[in-house]
Participant: 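Can you keep this structure in mind? I'll have questions shortly.
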Amino acid sequence: SLGSTLNLIDSGFIPQPHYICASVGTVIYDYYSQQEIDEYVYQSLDGWNPSSIKKISCEGIILQEPSEQSLRKVSYYWDGQQASLKLFKETLKPVMGCRYIVSSGRFIDVMPTEMGKGAAIEYLARVLDIPSSSILGAGDTETDLEICRISGGFILPQGTSLQMRKAVKKINYKVHE
């Protein structure tokens, strides 16, 4: 989340970036001006209806706490069973303007179709006129694979799962561990 990322920066654990892509790519935050970039958000909300998504109920999938929800993201806990994920996908299918991503084998995030970490990075590259080959990505969960696909290099933090390491190496030959 944006809050936890800001806490890490404030503690000195990670350096101050210019931009932060948070909440599975539904937020771009300008660290220096201390505000979200609204243009990115508003370009992606056509057809997005989080209230209809929050009504979805499936066995094995539970809506996360209100603190984990936003206007651009609906988050669930998942029991890890493929049958419950299949039912969730079928239930979500008629809802237009959204997509989902599974991470860490236990979370599901639903967001507007045009949003995600990859879309956020592509937006910044376009607006700032930076080639994607100049972007260095970092991440440790499946939600970060979108960044890996478009960046010129990718950092895997210590403690990243072997499964994630293998997935990243298949996508991006310039991996830094």
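The first residue of the sequence shown is numbered 1, and numbering continues consecutively from there. Because only heavy atoms are used, hydrogens play no part in the values below, and waters and symmetry mates are left out as well, while side chains stay in.
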Participant: Which atoms form the tightest heavy-atom contact between S132 and I150, and what is the distance?
Facilitator: CB-O, 3.0 Å
Participant: Counting N and O atoms only, with roles assigned by atom type, does the side chain of T113 sit under 3.5 Å from a partner on the main chain of C98, one being a donor and the other an acceptor?
Facilitator: yes
Participant: Do you reckon I135 sits in the same ILVMFWY cluster as L128, going by side-chain contacts under 4.5 Å, direct or chained?
Facilitator: yes
Participant: Does L8, at its CG atom, have more than 12 non-hydrogen atoms belonging to other residues, nucleotides or ligands within less than 6.0 Å?
Facilitator: yes
Participant: Would you mind reporting whether I20 and L6 have side-chain heavy atoms less than 4.5 Å apart?
Facilitator: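 Yes, their side chains come closer than 4.5 Å.
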Participant: Could you tell me the separation between the CD atom of E90 and the CG atom of L85, rounded to the nearest 0.5 Å?
Facilitator: 10.5 Å
Participant: How far does CG of L124 sit from CG of D30, to the nearest 0.5 angstrom?
Facilitator: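 CG of D30 is found 9.0 Å from CG of L124.
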Participant: How long is the span from the CD1 atom in I108 to the OG atom in S84, to the nearest 0.5 Å?
Facilitator: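 If we round to the nearest 0.5 Å, I108:CD1 and S84:OG are 7.0 Å apart.
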Participant: Check whether any side-chain N or O of E36 sits under 3.5 Å from a backbone N or O of Y29 as a donor-acceptor pair, and report yes or no.
Facilitator: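 Such a contact is absent between E36 side chain and Y29 backbone.
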Participant: Is there a path of hydrophobic side-chain contacts, each under 4.5 Å between heavy atoms of I/L/V/M/F/W/Y residues, joining F107 to L2?
Facilitator: no
Participant: Mind listing the closest non-hydrogen atom pair of M164 and L156 along with its distance?
Facilitator: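 Looks like CG-CD2, 4.5 Å.
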Participant: Check whether any side-chain heavy atom of W48 sits under 4.5 Å from a side-chain heavy atom of V74, and report yes or no.
Facilitator: yes
Participant: Would you say P17 and I9 make side-chain contact, with heavy atoms under 4.5 Å?
Facilitator: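 When only atoms from C-beta onward are counted, I9 and P17 do touch, with a gap below 4.5 Å.
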Participant: Does a sphere of radius 6.0 Å around CD in Q163 hold more than 12 heavy atoms from other residues, nucleotides or ligands, not counting ones at 6.0 Å or beyond?
Facilitator: no
Participant: Could you tell me whether the side chain of K117 reaches within less than 4.5 Å of the side chain of I101, counting heavy atoms only?
Facilitator: no
Participant: Does one hydrophobic cluster hold both I56 and I61, with members joined at side-chain heavy-atom distances below 4.5 Å?
Facilitator: yes
Participant: Please lay out, stage by stage, how K169 and K166 fare under the test side chain to side chain contact (heavy atoms under 4.5 Å, CB included).
Facilitator: CA-CA 5 Å; K169 287 180 180 178; K166 287 180 180 179; 5.9 Å; no
Participant: Taking the side chain as every heavy atom from C-beta outward, state whether I171 and F154 have any atom pair closer than 4.5 Å.
Facilitator: no
Participant: Do the non-hydrogen side-chain atoms of Y31 and T5 ever get within less than 4.5 Å of each other?
Facilitator: no
Participant: Can you tell me if Y40 and E114 form a side-chain donor-acceptor pair at under 3.5 Å?
Facilitator: no
Participant: Would the distance check show the side chain of R72 and the main-chain N or O of P112 forming a donor-acceptor pair, the cut-off being under 3.5 Å?
Facilitator: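 Here the side-chain-to-backbone pair does not exist.
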Participant: Can a donor-acceptor pair be found, under 3.5 Å and without considering hydrogens, that links the side chain of Q69 to the backbone of S75?
Facilitator: yes
Participant: Strictly below 4.0 Å, N to O, side chains only: are E146 and R149 in salt-bridge contact?
Facilitator: no
Participant: Within the structure provided, determine whether E59 and D79 are in side-chain contact (heavy-atom separation under 4.5 Å).
Facilitator: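 A side-chain contact is absent here, since even the closest heavy-atom pair is not under 4.5 Å.
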Participant: Counting only heavy atoms not in K54 (residues, nucleotides, ligands), do more than 12 fall under 6.0 Å from its NZ?
Facilitator: yes
Participant: Starting from I147, can I reach V127 by hopping between I/L/V/M/F/W/Y residues whose side chains sit under 4.5 Å apart?
Facilitator: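 The answer is yes; both residues are in one hydrophobic cluster.
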Participant: So, applying side-chain contact (heavy atoms from CB on, under 4.5 Å) with K73, which one of V110, V27, T26, I53 is it?
Facilitator: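 Of all the options given, the one that passes is T26.
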Participant: Answer yes if V102 and Y77 sit in the same cluster of Ile, Leu, Val, Met, Phe, Trp and Tyr residues linked by side chain heavy atoms under 4.5 Å apart, and no otherwise.
Facilitator: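 No, V102 and Y77 fall in different hydrophobic clusters.
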Participant: Can you check whether S103's main-chain N or O pairs, donor with acceptor, with W78's side chain at less than 3.5 Å?
Facilitator: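 A pair under 3.5 Å: no.
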Participant: So, for F88 and Y76, is the gap between ring centers shorter than 6.0 Å?
Facilitator: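 Yes; Y76 has its ring centre under 6.0 Å from that of F88.
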